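Just so it is clear, the model here is predicted, and its values are computed rather than measured. Residue numbers begin at 1 in each chain, while the letters A, B, ... track the order of the sequences.
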Amino acid sequence: EGPDLGQPLTSDEIPFYATYVMPDGRGLPEGSGTPAEGAEIFAAQCTECHGITGTEGPVMPPVGPNEIWAKPAGSYWPYATTLFDYIRRAMPLDHPKSLSNDQAYALAAFILERNGVIDADTAMTAETLPMVEMPNRDNFVDVWATQGAKPW
Amino acid sequence: EGPDLGQPLTSDEIPFYATYVMPDGRGLPEGSGTPAEGAEIFAAQCTECHGITGTEGPVMPPVGPNEIWAKPAGSYWPYATTLFDYIRRAMPLDHPKSLSNDQAYALAAFILERNGVIDADTAMTAETLPMVEMPNRDNFVDVWATQGAKPW
Amino acid sequence: ASGGAMAAGLAVPHRAGAQGVVPEWVTVAGHRARGYGMPAEAEAPVQRAIIEPWQDVAPEFSLSGTPLQRLRGTITPSGLHFEVHHGGRPDVDPDQHRLMIHGLVDRPLQFDLNSLERYPMVTATHFLECAGNSLVNAVMPEPLQAGCDVIHGLLSNSEWSGVPMSVLMDEAGVQPEGKWVVAVGSDGPSLARSIPIEKIMEDGILALYQNGERIRPEQGYPMRLLLPGFEGNMNVKWLTSLWVTDAPAHTKHESGEYTEILADGSSVKFTFAIGVKSLITHPSATMTMSGPGFYEISGLAWSGVGKVARVEVSADGGASWADAELVEPVLPRALTRFRMPWQWDGSPTILMSRAHDDTGALQPARPDWKARYHPSNFLHYNAIQPWNVTAEGEVQNVYL
Amino acid sequence: ASGGAMAAGLAVPHRAGAQGVVPEWVTVAGHRARGYGMPAEAEAPVQRAIIEPWQDVAPEFSLSGTPLQRLRGTITPSGLHFEVHHGGRPDVDPDQHRLMIHGLVDRPLQFDLNSLERYPMVTATHFLECAGNSLVNAVMPEPLQAGCDVIHGLLSNSEWSGVPMSVLMDEAGVQPEGKWVVAVGSDGPSLARSIPIEKIMEDGILALYQNGERIRPEQGYPMRLLLPGFEGNMNVKWLTSLWVTDAPAHTKHESGEYTEILADGSSVKFTFAIGVKSLITHPSATMTMSGPGFYEISGLAWSGVGKVARVEVSADGGASWADAELVEPVLPRALTRFRMPWQWDGSPTILMSRAHDDTGALQPARPDWKARYHPSNFLHYNAIQPWNVTAEGEVQNVYL
Ligand code: HEC
Ligand code: HEC
Ligand SMILES: [Ca+2]
Ligand SMILES: [Ca+2]
Ligand SMILES: [Ca+2]
Ligand SMILES: [Ca+2]
Ligand SMILES: [Ca+2]
Ligand SMILES: [Ca+2]
Ligand SMILES: [Co+2]
Ligand SMILES: [Co+2]
């Protein structure tokens, strides 16, 4: 079928962003962060784009409800793990991958807390983050159930 | 079939190079030129590209036989009218359409004379040019005769 | 008197008298050949329409729309292929770039660009459409008066060549539990999407070439994932990682930005294929008719699930419809050009097109589309586009 | 210990420890969208091969060859479409440019570019090949060691859109005596060719668009004549005049430069269509094999009279042949990509392809082609191209 020119790939050659944290928490690293820690980082690095309280924007405010964006990450997204991974790999947009794992946990905690999903004193870690029950989780259509084995 | 947006075209709007002198001489303008007159113009404006005697090139020498080009215009081409029209519209390559009709007749005369096709004292005009019997004329395959009505 | 000029019936202008208009450029030497060509200078205004929703704070989140109203045929010239950059277009060094295949595979592998050149390559023409294309029509209460570049320009069509994904996945050896592939791009945000393994294996392509030459930076140089018919952003650009998993990762883009809220408030997480759709490009909004008479109505139709089967055109606001000609070849999951002769009598009217695909799906009218979704939804808008033609010949975007 | 990292069989790398290689470009904001895109900077070497036979005295007589060995698929990107300029590329002002139809017509007409936009337009993918393509193989006593760009590069393939010539000719009203059309370009030498009216009316196109956008300056901006399958220079660029006549004008190019001298010394004046031909582009001369093992032999086949029906490939110098796969869609008078898997055992061999078209014509071997013509003939060379593969993996041009 082909020339078989693939070279072996060892796990230490795989950068973190080549995978994704799974909803059940697989792939989460060590570390932790509280909403209060997150608030500080957010104020310093995120408000320019997402607003002082995370609701003003102009860019897709992650805190809801807000006037701008019907799908705020901290309440609309089905899994809290996605917050950690996305912030860690992509934010802030102009300095992606500059945050530590602790900072990403803290920012996820802050956003979840602002959305009323977790308490202000709950730290986010590899253990707690996958346990967060996102309020919109059961509000997604299972397209396989409605459209069959190949819903495309 | 279409929007019929073509505008009328009057004959005084048609530049000379939008037509072509036909082998039977239709389209030839007034004027005349001798081989001697042509020799002078050739020496001044053509030798850089086609060589001092029209056989050296480097570009497709119009005078044959020569070492470079198996199809010298002045002996290989089937119709002498083409010489006049092509020189008039296209030569010299870097100043196309700069020659007068007289000059183009003279250059055609010069090239034909150098190829031994006409005498040195024959002037080329709208009357004489179509009468020139090109030596290779009958040496072309009639592709309609050999390949039928649509030889493609 | 000119030689044989009177012979036969051929009107030959007199050379000496009538010289006509001789433009300067037929009297001088032209330019030499060059290594790589560009459009004519006079065509400089034919550009993509740049859309930067947060230009002040996040200019790298930028889009550009193909000026469909300035183009003909079906191929999008690569210089005008639409862009959606979530974190800007990265400067990927092709020599350093690697494609990794890992996760639930027997042999985790990495490939450089040179090795991939040795692989078998397929060629196929496919459209790409952003899931958010035509969003202004989806969400704006009043129709925006703008051209197809702005309204519908996140749509392009290219001939792609590259390695069948199945060949590469087979080399790595996908394990039985491997049901999804998380594809990751090498851009700033490391854009990631979860893709069912069935699609990857069926017709996924590691695209290395676009319209004959190496894929353009805007479209993922040196390589992108191509998933024929799937919404644009699943066709991950600057592809660097294919991570085989047992379940979708529910990445950022499949958690919010690309999920549609339905009328009842629930959401559709995965909408893979682009629905059947069509668009009249000539005439279209921002154009002005040049008086009554003959026009050719011309446009594009496409479907993410197969071939366009039929396009109907109405020149009376939907009262009557007639079948347009589909320009051959009609290819699956590719833009199809349709055309229809039309005599405009100069009175106000509305032009519309509606496409059917070969699964029997028909493009909806806007009210039917709106009825399915929450008012905020801007994704997978494929409703009929009516163009209003005024008595003055202005062509306007209108909702019906 | 990381969260659920041990759950299921999914190998998830530890974030903290193994960071892998993180290239700089995934850590910064990328570039914004732009109006018109260009190839990646690293692809700058992918250029047309410029050929200027008389560079010192006549640089405007210049050609450039498409780097077929660097391309995949079938479409030639417009920036790399081959050029043959007899007097250089003119700077035509599209606003001043006119198309004239005159001679043996009822209504001599002129059209500007804007009016032509109102006309019905057809779209078709067709190759163009210079009648002198591959001339080095035709006339050089020893095979030139150069790439496909230099040897065979006067060959390209585009999606063309424009007005059917028949619509325009009908508007002018061709008279019964009108049997030929002299087409004239708006370049310095006002290049002119005589074309049978049958071809003009059958499938001639006034091409205004190339690969979706306005035709490029090198290919005749703002308009060219397209005669599907006919030798390149009859497809007059920068078309300004169509003069209907009762006979061919025997213009310069049909008097000498584009007439083939046969073995017996007689000449063929008109050779309209390009003969059936094929070419292996991968691997091809100037390339070096990267060791034994699997290769995909890939190439292009075409015919000026119809569709490619079949391409055979030999990997043993012609001792045995096998049918290659033709990549769909196979279109008439368009480049067709063929492909064939091959295991190279590392020993010297010769690769060849030969195409058949749907009229039954078969591409000749070089000795058969040479036997037909005078030794000086360099036109319409369509013989089989053998590539010699040495034990060291060098790929060389060779005559068989
Ligand atoms: C320079 C601008 C900028 C800064 C600073 C920035 N972001 Fe963002 N953020 C964006 C943009 C643009 C997007 C949308 C990206 C996309 O959709 O692909 C985004 C998206 C997000 C989202 C997802 C929103 C959604 O609903 O999809 C989250 C969560 C987020 N950012 C968090 C953060 C955090 C936390 C910080 C600070 C550490 C931050 N951002 C700093 C520009 C910025
Ligand atoms: C600056 C270079 C240059 C100059 C000066 C020049 N020519 Fe040419 N000539 C060319 C080139 C290049 C061609 C080939 C053009 C082509 O094939 O399209 C050519 C072709 C010709 C041909 C046809 C040759 C053939 O066999 O097809 C003739 C005849 C000719 N020139 C005559 C002239 C005359 C007469 C002059 C002077 C008034 C002249 N040329 C000056 C470059 C030049
Ligand atoms: Ca901490
Ligand atoms: Ca900033
Ligand atoms: Ca005189
Ligand atoms: Ca000069
Ligand atoms: Ca490099
Ligand atoms: Ca202008
Ligand atoms: Co850069
Ligand atoms: Co210029």
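Put simply, of C:Ala273, C:Ser376, C:Gly188, the one with the most heavy-atom pairs under 4.5 Å next to chain A is C:Gly188. Considering only heavy-atom pairs separated by less than 4.5 Å from chain C, the leading option among A:Asn136, A:Leu9, A:Asp138 is A:Leu9. Among C:Ile261, C:Val182, C:Val268, C:Val305, the residue with the largest count of heavy-atom pairs under 4.5 Å with chain A is C:Ile261. Your options are A:Pro72, A:Ala149, A:Pro23, A:Gly57, and the one with the most heavy-atom pairs under 4.5 Å with chain C is A:Pro23. Between chain A and the options C:Val184, C:Asp170, C:Thr259, heavy-atom pairs under 4.5 Å are most frequent for C:Thr259. Among the candidates C:Ser194, C:Ser241, C:Pro189, the residue making the largest number of heavy-atom pairs closer than 4.5 Å to chain A is C:Pro189. Comparing C:Gly304, C:Ala247, C:Gly87 by heavy-atom pairs within less than 4.5 Å of chain A, the highest count is held by C:Ala247. Highest contact tally toward chain A, considering only C:Ser166, C:Pro108, C:Ala183, is held by C:Pro108 [criterion: heavy-atom pairs under 4.5 Å]. Ranked by non-hydrogen atom pairs under 4.5 Å with chain C, the options A:Ala18, A:Ala70, A:Ala90 are led by A:Ala18.
Heavy atoms closer than 4.5 Å to chain A are found in the side chain of C:Glu202, but not in its backbone. Heavy-atom distances place both the backbone and the side chain of C:Glu257 under 4.5 Å from chain A. For chain A, the nearby part of C:His86 is the backbone; its heavy atoms alone come within less than 4.5 Å. Both the backbone and the side chain of C:Ser115 come within contact range of chain A, judged by heavy atoms closer than 4.5 Å. Within the 4.5 angstrom heavy-atom criterion, only side-chain atoms of A:Tyr86, from C-beta onward, approach chain C. For chain A, no part of C:Thr359 is nearby; none of its heavy atoms comes within less than 4.5 Å. Proximity to chain A (any heavy atom under 4.5 Å) is restricted, for C:Leu262, to the side chain, taken from C-beta onward. Residue A:Ala73: no heavy atom, backbone or side chain, is found under 4.5 Å from chain C. In this structure, the portion of A:Val143 lying under 4.5 Å from any heavy atom of chain C is its side chain and not its backbone. Interface remark: C:Pro59 contributes no atoms to any contact with chain A (heavy atom separation under 4.5 Å). For a residue to count as touching a neighbouring chain, one of its non-hydrogen atoms must lie under 4.5 Å from one of that chain's; by this rule A:Met91 does not touch chain C.
The environment of C:Glu198 atom CD is dense: over 12 non-hydrogen atoms of other residues, nucleotides or ligands sit within 6.0 angstrom. Other residues, nucleotides and ligands contribute more than 12 heavy atoms inside 6.0 Å of the CD atom of A:Gln147. More than 12 heavy-atom neighbours from other residues, nucleotides or ligands sit within 6.0 angstrom of CZ on C:Arg107.
In this structure, the side chains of A:Gln7 and C:Arg98 stay at 4.5 Å or more apart for every pair of heavy atoms. Residues C:Phe272 and A:Pro151 have side chains in contact (heavy-atom distance under 4.5 Å, counting atoms from C-beta outward). Side-chain contact check for C:Gln110 versus A:Glu13: some heavy-atom pair is nearer than 4.5 Å. Counting only heavy atoms from C-beta outward, the side chains of A:Pro58 and C:Val57 approach each other to under 4.5 Å. Here the side chains of A:Tyr76 and C:Ser255 are not in contact, with every heavy-atom distance at 4.5 Å or above.
The two residues A:Asn139 and C:Gly265 come nearest to each other via the heavy atoms ND2-O, 3.0 Å. In terms of heavy-atom proximity, C:Ala249 sits nearest to A:Thr82 at O-OG1, 4.4 Å. Taking every heavy atom of both residues into account, A:Gly2 and C:Val167 meet most closely at CA-CG1, 4.3 Å. Across all non-hydrogen atoms, the minimal contact from A:Val141 to C:Ser266 is CG2-OG, 3.8 Å.
Between A:Asp4 and C:Arg118 there is no salt bridge, since none of the side-chain N atoms of the basic residue sits less than 4.0 Å from a carboxylate O of the acidic one.
For C:Lys199, the salt bridge (Lys or Arg N to Asp or Glu O under 4.0 Å) partners are C:Asp203, not counting sequence neighbours.
Aromatic ring pairs are classed by plane angle as parallel below 30°, tilted from 30° to 60° and perpendicular above 60°; the pair A:Trp152 and C:Phe230 is perpendicular.
Atoms CD and CG, from C:Glu60 and A:Leu93 in turn, are 4.5 Å apart once rounded to the nearest 0.5 Å. Distance check, rounded to the nearest 0.5 Å: CH2 of C:Trp54 to NE2 of A:His50 gives 8.5 Å.
Taking the six-membered ring for Trp, A:Tyr20 and C:Trp243 have ring centres at least 6.0 Å apart.
In this structure a side-chain-to-backbone donor-acceptor pair under 3.5 Å is missing from A:Asp94 to C:Ala58. A:Trp77 places no side-chain N or O within donor-acceptor distance of the main-chain N or O of C:Lys252, the cut-off being under 3.5 Å. For the pair C:Lys269 (side chain) and A:Phe140 (backbone), a donor-acceptor distance under 3.5 Å is absent. C:Tyr119 contributes a side-chain N or O that, together with a main-chain N or O of A:Leu5, makes up a donor-acceptor pair within less than 3.5 Å.
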| said: Under the criterion side chain to side chain contact (heavy atoms under 4.5 Å, CB included), I'd like the reasoning laid out for C:His250 against A:Met22: C-alpha separation, chi angles, the key distance, then a yes or no. | reply: CA-CA 7 Å; C:His250 296 282; A:Met22 297 294 276; over 6 Å; no
| Passes salt bridge (charged side-chain N to carboxylate O under 4.0 Å, His left out), A:Arg89 versus C:Asp187? Steps please. | CA-CA 10 Å; A:Arg89 67 169 56 223; C:Asp187 52 346; over 6 Å; no
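Using modelled atom types, one finds a donor on one side chain and an acceptor on the other under 3.5 Å when comparing A:Lys97 with C:Ser190.
Within residues 112-121 of chain A, no residue has a heavy atom under 4.5 Å from a heavy atom of chain C.
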